[in-house]
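For reference, the structure discussed in these notes is given below.
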Amino acid sequence: MPEGHSIHHFKRIHSDYFVNRTVAVSSPQGRFSDEASKIDGTTLEKITAYGKHLFFHFENDKIVHVHLGLYGWFNFCDVDDDDAMEHRQESIRMQLQTDWIVSRLRGPITCELIDHCEVEKIIDKLGPDPILEDSDQERAWNKISTRKKPIASLLMDQSIIAGIGNVYRAELLFMARIYPYTYGTNMLKDDFDHLWRLSKRYMKLGSFDGYIQTLDQRLVEDSNQSTWVYGRQRLQCFVCKYPVTATMVDGRKLYWCPECQI
DNA sequence: AAAAGATGGTGAC
DNA sequence: TCACCCTCTTTTG
């Protein structure tokens with residue numbers, strides 16, 4: 001499921017097969033039909049990604065804004081694969097098709113047709129995205145260091161840093177060994193720099209792989225395990241063997257190690 | 001069979 | 001802080 005890395009991953013995959021091509025756009029589910037008909041058969045000029053937002057720029061300033069939310073996802077299949085094409089048609093919000101390949105979007109929280117002004121408004125509300133090469137680390141630090149809220153809460157705030165979700169939040173805090181309830185105002189600059197460096201490294205990696213892998217597989221026996229603490233409530237911490245704990249922060253489960261993260 | 005929960009976010013109170 | 005939306009899977013009764 002999607003955090004910022006998925007968005008950049010999907011941007012990359014779509015770029016190979018859909019950009020600079022004429023694309024048939026439809027909505028088998030029906031909920032995007034009116035908008036789809038306005039861009040159906042036109043050229044997809046480029047795709048951009050920012051935080052958890054994906055933008056398909058079609059000609060004539062027609063831009064499809066997609067936000068996957070909690071469980072939105074893209075699937076791809078071959079145009080000649082009849083079985084795949086028939087599969088769960090009724091939930092496909094948007095389908096992009098060339099004579100070569102098909103992209104099918106299900107369950108997004110947002111799928112709408114907008115123009116470049118609205119794109120700007122969306123991006124203006126977002127903090128720097130660590131996956132982007134020119135992201136401004138200081139802009140995030142300025143906000144964090146003045147906010148009297150736990151860092152675990154601030155990391156999920158898209159207007160501070162764009163793209164981090166519940167898995168990366170837990171993993172980054174663990175890898176940087178930071179106590180999750182440290183107020184932004186009490187954060188050390190060095191700790192923030194560490195967090196930022198880790199977020200760039202692991203979210204970039206995730207955007208290439210398409211999935212989150214923070215745990216170094218060479219260090220553990222369980223080859224199916226991909227995270228240090230996320231989803232490991234009551235299991236032993238890989239570092240200190242103390243049980244991983246889960247507490248609610250802003251209505252989301254935060255996994256962390258009370259022994260390692262002081 | 002029904003409910004809960006999941007890597008998200010908004011808007012109302 | 002809560003209800004709600006989108007979809008699908010897993011757990012519960």
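Chain letters run A, B, ... following the sequence lines, proteins first and then strands; every chain starts at 1. Since this is a predicted model, take the numbers as computed values, not measurements.
- Legend: residues meeting side-chain hydrogen bond (donor to acceptor under 3.5 Å, both in side chains) with Gln225(A), ordered by chain and number and at least two apart, are Thr227(A).
- Within 6.0 Å of CG in Asp99(A) there are 12 or fewer heavy atoms belonging to other residues, nucleotides or ligands.
- Note on ring orientation: taking the six-membered ring where Trp is involved, the planes of Tyr179(A) and Trp256(A) are perpendicular (angle over 60°, cut-offs 30° and 60°).
- dA3(C) and dA3(B) are spaced 15 Å apart, taking the P atom of each and rounding to whole Å.
- DNA chain B is contacted by Gly165(A), Asn166(A), Val167(A) of residues 164-185 of chain A, taking any non-hydrogen atom closer than 4.0 Å.
- Applying the salt bridge (Lys or Arg N to Asp or Glu O under 4.0 Å) rule to Lys121(A) yields no partners; only residues at least two apart in sequence or on another chain are considered.
- Taking every nucleotide of DNA chain B with any atom under 4.0 Å from a non-hydrogen atom of chain A, the first and last of them, 5' to 3', are dA6(B) to dG9(B).
- Atom CZ of Arg104(A) is separated from atom C1' of dT7(C) by 15 Å (rounded to the nearest Å).
- With C1' as the reference atom, dT10(B) and dC8(C) are 22 Å apart, rounded to whole Å.
- As a whole-Å value, the separation of Leu68(A) CG from dC8(C) C1' is 15 Å.
- Straight-line distance from the CH2 atom of Trp73(A) to the P atom of dT9(C): 13 Å, rounded to whole Å.
- Going from the P atom of dG13(C) to that of dG5(B) covers 11 Å, rounded to whole Å.
- Rounded to an integer number of Å, the gap from Phe32(A) CZ to dC5(C) P is 21 Å.
- Computed from coordinates, the Gln89(A) CD to dT7(C) C1' distance equals 16 Å when rounded to whole Å.
- In this structure, Leu105(A) places its CG atom 11 Å from P of dC8(C), rounding to the nearest Å.
- Atom P of dG9(B) sits at a distance of 22 Å from the matching atom of dT9(C), rounded to the whole Å.
- Taking 4.5 Å as the limit, some side-chain heavy atom of Trp73(A) sits within range of a side-chain heavy atom of Ser6(A).
- Between Phe174(A) and Cys257(A) the shortest side-chain heavy-atom distance falls below 4.5 Å.
- By the salt bridge (Lys or Arg N to Asp or Glu O under 4.0 Å) test, Arg234(A) is found to be paired with no residue, residues two or more places apart in sequence or in another chain being considered.
- In this pair, Phe74(A) and Phe76(A) present their aromatic rings parallel. The plane angle is below 30°, not in the 30 to 60° band.
- Pro243(A) pairs by the side chain to side chain contact (heavy atoms under 4.5 Å, CB included) definition with nothing, not counting sequence neighbours.
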